[in-house]
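Notes follow the structure.
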Amino acid sequence: MYLTIEETAEYLDLSITDITRLIREKQIRTLSDGETLLIYKEQFNLYLQEIEKYKKDLQDYLNEPIPEDIDIKDED
């Protein structure tokens, strides 16, 4: 499935300016149908999976209990 720049910005929750910049920097691949740039939606699957993994890892870190004694790991 192909998206326009506006649809891509909404899908990735970024601004249109950010999407345009990423296209100029060749971070996002595009196709042209003659009048509009089209972006293949599936190229973002890995990016979205990494974001979800990062969110999960961050939440796991934040849920980790704090040790009672701050110096518990001090090996001095």
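One is the number of the first residue; the rest follow in order along the sequence. All values below were derived from every heavy atom in this structure, side-chain atoms included, with hydrogens, water molecules and symmetry-related copies excluded.
Residues E52 and L48 have side chains not in contact (no heavy-atom distance under 4.5 Å, counting atoms from C-beta outward). You'll find the side chain of L3 stays beyond 4.5 Å of the side chain of Y40, heavy atoms only. The shortest distance between side-chain heavy atoms of L14 and T8 does not fall below 4.5 Å. Within the 4.5 Å cutoff, no side-chain heavy atoms of I5 are placed close to those of T36.
When all heavy atoms of I39 and R29 are compared, the pair lying nearest together is CG2-O, 3.9 Å.
Using a cutoff of 4.0 Å between basic side-chain nitrogens and carboxylate oxygens, R21 and E25 are scored as salt-bridged.
Formation of a donor-acceptor pair under 3.5 Å by the D33 side chain with backbone atoms of E35 is found in this model.
Note on Y2 and I16: separate hydrophobic clusters, where clusters join Ile, Leu, Val, Met, Phe, Trp and Tyr whose side-chain heavy atoms are under 4.5 Å apart, directly or indirectly. In the hydrophobic clustering of ILVMFWY residues, with side-chain heavy atoms under 4.5 Å counting as a link, Y61 and Y54 come out together. One hydrophobic cluster, built from ILVMFWY side chains closer than 4.5 Å, holds both L37 and L12.
Distance check, rounded to the nearest 0.5 Å: CD of E42 to CZ of F44 gives 10.0 Å. Separating the CD1 atom in I19 from the CD atom in E10 is a distance of 11.5 Å, to the nearest 0.5 Å. From K55, atom NZ reaches atom CG of D60 across 14.0 Å, with rounding to the nearest 0.5 Å. Going from atom OH of Y11 over to atom NZ of K41 covers 4.5 Å, rounded to the nearest 0.5 Å. The CD atom of E7 sits 9.0 Å away from the CG atom of L38 when rounded to the nearest 0.5 Å.
Crowding of D13 atom CG: a count of heavy atoms from other residues, nucleotides or ligands under 6.0 Å not exceeding 12.
Between the side chains of N45 and Q49, not a single donor N or O lies within less than 3.5 Å of an accepting N or O.
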